[in-house]
Amino acid sequence: MINYKEIETKWQARWSSARIFEGEISDKPAYMVTAAWPYTNAPQHVGHLRTFGTTDVLARYMRMKGYNTLYPMAFHATGTPILAFAKRLKNNDQDLISELHMFHVPDDEIQKMTDPMYIASYFIDEIEKGMKKAGYSIDWRRKFVSVEPLFSKFVEWQFGILNEKGYIVKGKHPVGWCPNENNAVGMHDTKHDVEPEIDKETAIKFKIDGEDAYLLCTTYRPETIFGVTNVFVNSDVVYALCKVNDEPIPYYMSKATSQMLSYQLKIERISEVKGADLLQRMCLNPINGAKIPVLPGFFVKEDIGTGIVMSVPAHAPFDYVALEKLRSSGYSMPEIKPVKVLEVKKAGAAAEEPYVDMPALAYINLFSKGEKELDAALEEATKAEYKDESHFGVMIVEGYKGMGEMQAREKITADMVKACSAFEIYVIVNNPVFCRCGYRVTVKLVDNQWFINYGDHAWKDRAREAFMSMTILPEKSRKAFESAIDWIDLRATERAQGLGTKFPLNEDHIIESLSDSTIYMSFYTISYLVRSIPIENLKPAFFDYVFLKKGNIDEVSKATGISYETIKRCRESFSYWYPNTSRHSGPDLIFNHLTMYIFNHVAVFHKEYWPKQIVVNGSVLSEGEKMSKSLGNIVPLMDGMEKYGADPLRFVVVAGADLFSDSEFSAEAVRGVDERLEYLYDLARRIDEFESGELKHIDYWLYSKLNRKIRAVTQSIDKLELRGVSTLALYDSIIELKRYLARGGGNGLALRDYVTNVTMLLAPIVPHFSEELWEMLGNGPFVATERWPSADESMISDKIESEEELLDSVIGDSKQVLDLLRKKTGKEPAELVLIVADNWKTMLNNRLAREKNTGKVIKELNLEDEMFKGVDKDRVMKYVNQLLRKRNTLRIISTDQEEEFRLLNESKLYIESVLRCRPVIEKEGSAKSQRAALAMPQRPAIDART
RNA sequence: GCAGGGGUGGCAGAGCCUGGCCAAAUGCGACGGGCUUAGGACCCGCUUCCUUUAGUGGAUGCAAGAGUUCAAAUCUCUUCCCCUGCACCA
């Protein structure tokens, strides 16, 4: 048994006292890795090993490759989550408390957590402990927190630059809003954590005939305005006549929605009426002036849109049915004829004959079969029709004829907005969404909102330029970045609430928490050097010099009061570490953080300090499921390491899957790794029992495998394809070692070389275990500072490996023969003759493999040739035919009969040990067996007898 | 809807770029056997079908279909299905 806990403690202490992970400027080339900083409202669970562990693997690998490698860490506490956390604890939220208990947070600590800053500092300690225990090679001297004044100075400087460049702009923006708390509502603030989805709808004004008022309808399909036959209101709903945005003519909308819309329009209620009172009026279709009636619609909801809808019976199942209902109930109304505005150009669409003029009816019939509720059926029919029409619909009305529906929608909306007969409003699509406080979430159009304008063309071009020369791992996520860079546009950059740095253009607000985290990695290079400087001295001039080399040290020193020496050191540190960096994060951050990271770097820094590499990795599944609170399958990092040891856990989580795909954490997987580490450990322990001597065939085989492995692992780890590394370096190594020993290998020198190199290959992934092995093998002081092995190409031998494969296949074939013989005779086989094919067969094989034109080979065949001496001509031609049958897959064979013969002879003992039958090796030409003719190169004939 | 990534044997997962030693690595599981007082661990074998009752033979096969090629899991096209993201939220 390996005592992981013991070796972890031992080596962590040694690393720390030798200070091998503290990055200082040296002659060596610099390399810096950074991982997305952890948020400080909970300790880490095993899933966090994925990003931080992978980053550590790269750091350790680059160190072994000869780079002076720095892995710093800091903590994120900006934004609202910590405030919300404190608030929930104040309210004695049991869910949260039980979650904290799961992480073994003691009750007296929980008591203190009503103070946001205490929350952060508590978890920072916990996270740091966990990371140290996991063995990350972090330089802890550089640690800082995103809400420190020290860091705020840096962020202020950054925003000064963004503002100077004109990237910060003001505008309006719709957000989910709780009218009760008067606050923006995101996914984490709603009941059941639903994201309030916001979409645009078109509000269309229908002038009431003979009255100075409009009915305001909302629709997702303004292009169907040509097919409007009437307007629906709900007779039981209260409607309000409202003055909107100080326009002279007021609008009717439901009272409920007038309340909701007041967060995006200026609304003044003048009077109220019952829906029933609006009936029987006529209004005018704004697109063509047609007079249409106002009718009662059973399905009209008071809290959706404006509570008034326009009716398009030809294309809307609900409208069609409502009108039918009215007609059959004998309601007095003018005759209504549906008007079709578009046709679906798609074979087999529901709206074919006989429904040419009534597509809606076609869809109703399609979905109303069975016992379905009417509403549900109409819902489905609407969805299907909407989908077909938006994909394949072609407009047939004058002015827009031939346009696709989507195109027409844009055009018609724009036209109507221009004519002041419509405007756009925002609505919550996934209605209703409730805030945690219980109130219905609505949309607020936030005014005076500051944005970072990532849509700036020149800026985008520079970001693209930087991106083009970056390495992206895995390469296949490159496309996602490309579309992210194209797509990113205005991004809100300040909020009313939360912890963080004050927003310079509005000191009442704070900088939004992703916006303050875009270039903080550069701060690592100086964070420990500026600790002693008084905050007020950290003026922009200082950062300007350190990061941009603006001005000269004397001036800056004078202007800021910071010493010449400190400024110089900071600048040197930055320019030493920052040119070569790798950034690590999860795929969910591609579309925000990582893209903003690129943009902000090109905005602030000189070209040589632009990002060089981004690594995106997947997440971790626990026993097949995504780790989540609700599933209760979160494994706290500390618990996991306590139970399994840091190294096996690192191995499973970090090397268990390739980048991008999720890795699976399970006890079963850990056990498999543990067993194999154990095997290496035991072997290392008794390595001195093996004597060294002259190298034999099997030793060369082991060396060949080893060097091939070194080459392959290096290639994989360069791309951080750690799954491949895990198979090659651990799993395959065990298989090879086992085979080597079974095959009679046991050369102390070869074994030691092999295990030593494998230890180095494993060192980045399982660092403590590797140090322990390293020491057991008599090496020192640290494998972590050793030079990464390089493959000795001269030791890689296809020939030796294929000979061993030949041996395996001979054994496999023989085994089947022997088994059949045993079964057939019921006796133990006494004799096993292996007959090696003559050289002429190899020659023929190789000629045919080389020459595509088989006819030519046969024509040139000279049976009088020396090599066919004494061979029956029919036998030759028979063999040629045999080869021709599979001529497309023939391969060149490089071993000749003599070598094959020798190999089998030398391996007799091994063959016997596996087959429990002593083999006799013969050559085809001199063999007496009738089966001799069956021999093929690399496939000896087998003759067994009892 | 838009964008990105996928679909391989009981499961997980490589292979695909650079077509041919691919009936497809490796791990897990299942099954049979060995070891053991027993279990675990460990070791050996097996895990598409047919044929040959002495092996290296054949068929089918990598979501479905079509194509290119002497040859396709791998290249091209079409279809179906799954996952993730779509923002002001860390």
Side-chain angles (χ1 to χ4, degrees), chain A residues 36 38-39 41 76-82 173-176 184-189 195 197-198 386-387 390-391 406 446 449 451-452 474-484 486-495 498 512-515 517 587-593 618-619 621 624 656-658 660-664 666 668-669 671-673 675-676 678-679 721 723-724 726-728 730-732 735 738 742 802 805 809-810 812-821 823-825 829 852 885-891 914 931 934-936 938-945:
Chain A
Y39 199 78
N41 64 354
H76 199 196
T78 314
T80 48
I82 286 189
H173 185 70
V175 292
V185 177
M187 191 172 87
H188 307 289
D189 311 310
E195 178 77 41
E197 288 172 42
I198 296 170
Y386 186 95
K387 193 174 165 186
S390 61
H391 278 183
M406 299 306 278
V446 177
Q449 170 76 44
F451 296 88
I452 296 184
E475 178 61 29
K476 70 179 164 197
S477 52
R478 181 173 284 275
K479 274 190 186 160
F481 275 99
E482 279 168 8
S483 34
D486 286 344
W487 160 88
I488 196 167
D489 197 10
L490 292 177
R491 161 130 199 152
T493 191
E494 42 99 9
R495 307 192 62 175
E512 181 270 326
S513 44
L514 285 184
S515 299
S517 314
D588 46 334
L589 294 181
I590 293 178
F591 279 82
N592 46 48
H593 166 73
S619 53
L621 303 178
D658 271 327
F660 220 74
S661 41
D662 294 337
S663 68
E664 169 76 19
S666 67
E668 200 49 40
R671 190 181 56 85
V673 170
E675 277 161 15
R676 284 164 180 84
E678 196 97 34
Y679 185 93
E721 286 169 358
R723 167 81 185 197
S726 93
T727 334
L728 290 163
L730 187 60
Y731 286 69
D732 287 357
I735 293 172
K738 281 181 180 172
S802 76
E805 279 163 31
S809 80
V810 169
D813 288 343
S814 305
K815 192 162 179 57
Q816 288 187 42
V817 173
L818 292 175
D819 281 348
L820 276 165
L821 191 64
K823 212 190 283 173
K824 202 172 138 191
T825 63
K852 284 264 190 269
R885 260 190 284 142
K886 41 180 187 177
R887 83 195 109 135
N888 291 326
T889 50
L890 286 183
R891 293 179 314 113
V914 179
R931 306 196 153 265
L934 291 172
M936 289 195 293
Q938 306 228 308
R939 207 110 226 195
I942 298 163
D943 195 354
R945 272 177 228 121

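These values consider heavy atoms only, across backbone and side chains, with no hydrogens, waters or symmetry-generated copies.
- When rounded to the nearest whole Å, the span between CG of A:Leu589 and C1' of B:C86 equals 14 Å.
- Going from atom CG of A:Leu514 over to atom P of B:G85 covers 16 Å, rounded to whole Å.
- Between B:C80 and B:C70, the distance separating the two C1' atoms is 32 Å to the nearest Å.
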Listing time: all N or O pairs from protein to nucleotides 22-28 of chain B that are below 3.5 Å?
residue, atom, partner, partner atom, Å
B:C28, O3', A:Glu668, OE2, 3.4

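- The shortest side-chain heavy-atom distance between A:Gln449 and A:Val175 does not fall under the 4.5 Å cut-off.
- When the C1' atom is used for both B:C21 and B:C31, the distance is 30 Å, rounded to whole Å.
- One atom, CD1 of A:Ile82, and another, C1' of B:A90, lie 11 Å apart when rounded to the nearest Å.
- Contacts of A:Asp943 with the nucleic acid, taken as non-hydrogen atoms under 4.0 Å apart, include base atoms.
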Any N/O pairs under 3.5 Å between the protein and nucleotides 3-9 of chain B? List them or say none.
residue, atom, partner, partner atom, Å
B:A3, O2', A:Ser483, OG, 3.1

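- Side-chain contact check for A:Tyr39 versus A:Ile82: some heavy-atom pair is nearer than 4.5 Å.
- Using Watson-Crick or G-U wobble geometry with both donor-acceptor distances under 3.5 Å, B:G1 finds its partner in B:C86.
- For A:Ser513, there are no side chain to side chain donor-acceptor pair (under 3.5 Å) partners, not counting sequence neighbours.
- Comparing A:Ala941 and A:Pro174 along RNA chain B, the residue whose closest nucleotide (by nearest heavy atom) sits nearer the 5' end is A:Ala941.
- Residues A:Ser515 and A:Ile452 share a closest heavy-atom pair of OG-CD1, 4.2 Å.
- Among residues two or more places apart in sequence or in another chain, the side chain to side chain donor-acceptor pair (under 3.5 Å) test is passed with A:Arg723 by none.
- As rounded to the nearest Å, B:U68 and B:G85 have P atoms that lie 41 Å from one another.
- Taking the C1' atoms as reference points, B:G9 lies 10 Å from B:U47, given to the whole Å.
- To the nearest angstrom, C1' of B:C89 lies 14 Å from CD1 of A:Ile488.
- The phosphate of B:C43 has OP1 or OP2 within less than 4.0 Å of a side-chain N or O from A:Lys738.
- Across the P atoms, B:C22 and B:G32 are found 31 Å apart, a figure rounded to whole Å.
- Nucleotides B:A23 and B:C62 have their P atoms positioned 14 Å apart, rounded to a whole Å.
- Under the rule for a side chain to side chain donor-acceptor pair (under 3.5 Å), the partners of A:Asp813 that lie at least two apart in sequence or sit in another chain are A:Arg939.
- Here, B:A66 and B:U74 have their P atoms 14 Å apart, quoted to the whole Å.
- In this structure, CG of A:Asp588 is placed 14 Å from C1' of B:C83, rounded to the nearest angstrom.
- Partners of A:Pro38 by side-chain contact (heavy atoms from CB on, under 4.5 Å), not counting sequence neighbours, listed by chain and number: A:Gln44, A:Phe52, A:Met73, A:Phe75, A:Ile127, A:Met131.
- Using N1 to N3 plus N6-O4 or O6-N4 for Watson-Crick, or N1-O2 and O6-N3 for G-U wobble, each under 3.5 Å, B:G32 pairs with B:C44.
- The nearest whole Å value for the distance from the CH2 atom in A:Trp487 to the C1' atom in B:G1 is 16 Å.
- B:U56: no Watson-Crick or G-U partner with both key distances under 3.5 Å is found in any strand.
- Look at B:C22: it lacks any Watson-Crick or wobble partner with both distances under 3.5 angstrom.
- Using C1' as the reference atom, B:C44 and B:U18 are 38 Å apart when rounded to the nearest Å.
- In this entry the distance linking CD1 of A:Ile590 with P of B:C89 reads 22 Å, nearest Å.
- Residues A:Glu668 and A:Arg671 are paired through a salt bridge, judged by an N-O separation under 4.0 Å between the basic side chain and the carboxylate.
- Listed by chain and residue number, A:Tyr679, A:Ile734 satisfy the side-chain contact (heavy atoms from CB on, under 4.5 Å) test with A:Lys738 (two or more places apart in sequence, or in another chain).
- At whole-Å resolution of the value, CG in A:Asp489 and P in B:C88 are 14 Å apart.
- For A:Asn592, the side-chain contact (heavy atoms from CB on, under 4.5 Å) partners are A:Arg491, A:Leu514, A:Leu589, A:Met596, not counting sequence neighbours.
- Checking B:C80 for Watson-Crick or G-U wobble geometry (two distances, each under 3.5 Å) identifies B:G7 as its partner.
- Counting any heavy atom pair closer than 4.0 Å across all strands shown, A:Ser809 reaches no nucleic acid atom.
- Among the heavy atoms of the strands lying under 4.0 Å from A:Leu490 is at least one base atom, whether or not backbone atoms are also near.
- Applying the side chain to side chain donor-acceptor pair (under 3.5 Å) test to A:Arg478 and every residue at least two apart in sequence or in another chain returns A:Glu475.
- A:His593 comes within contact range of no nucleotide atom at all, as no heavy-atom separation falls under 4.0 Å.
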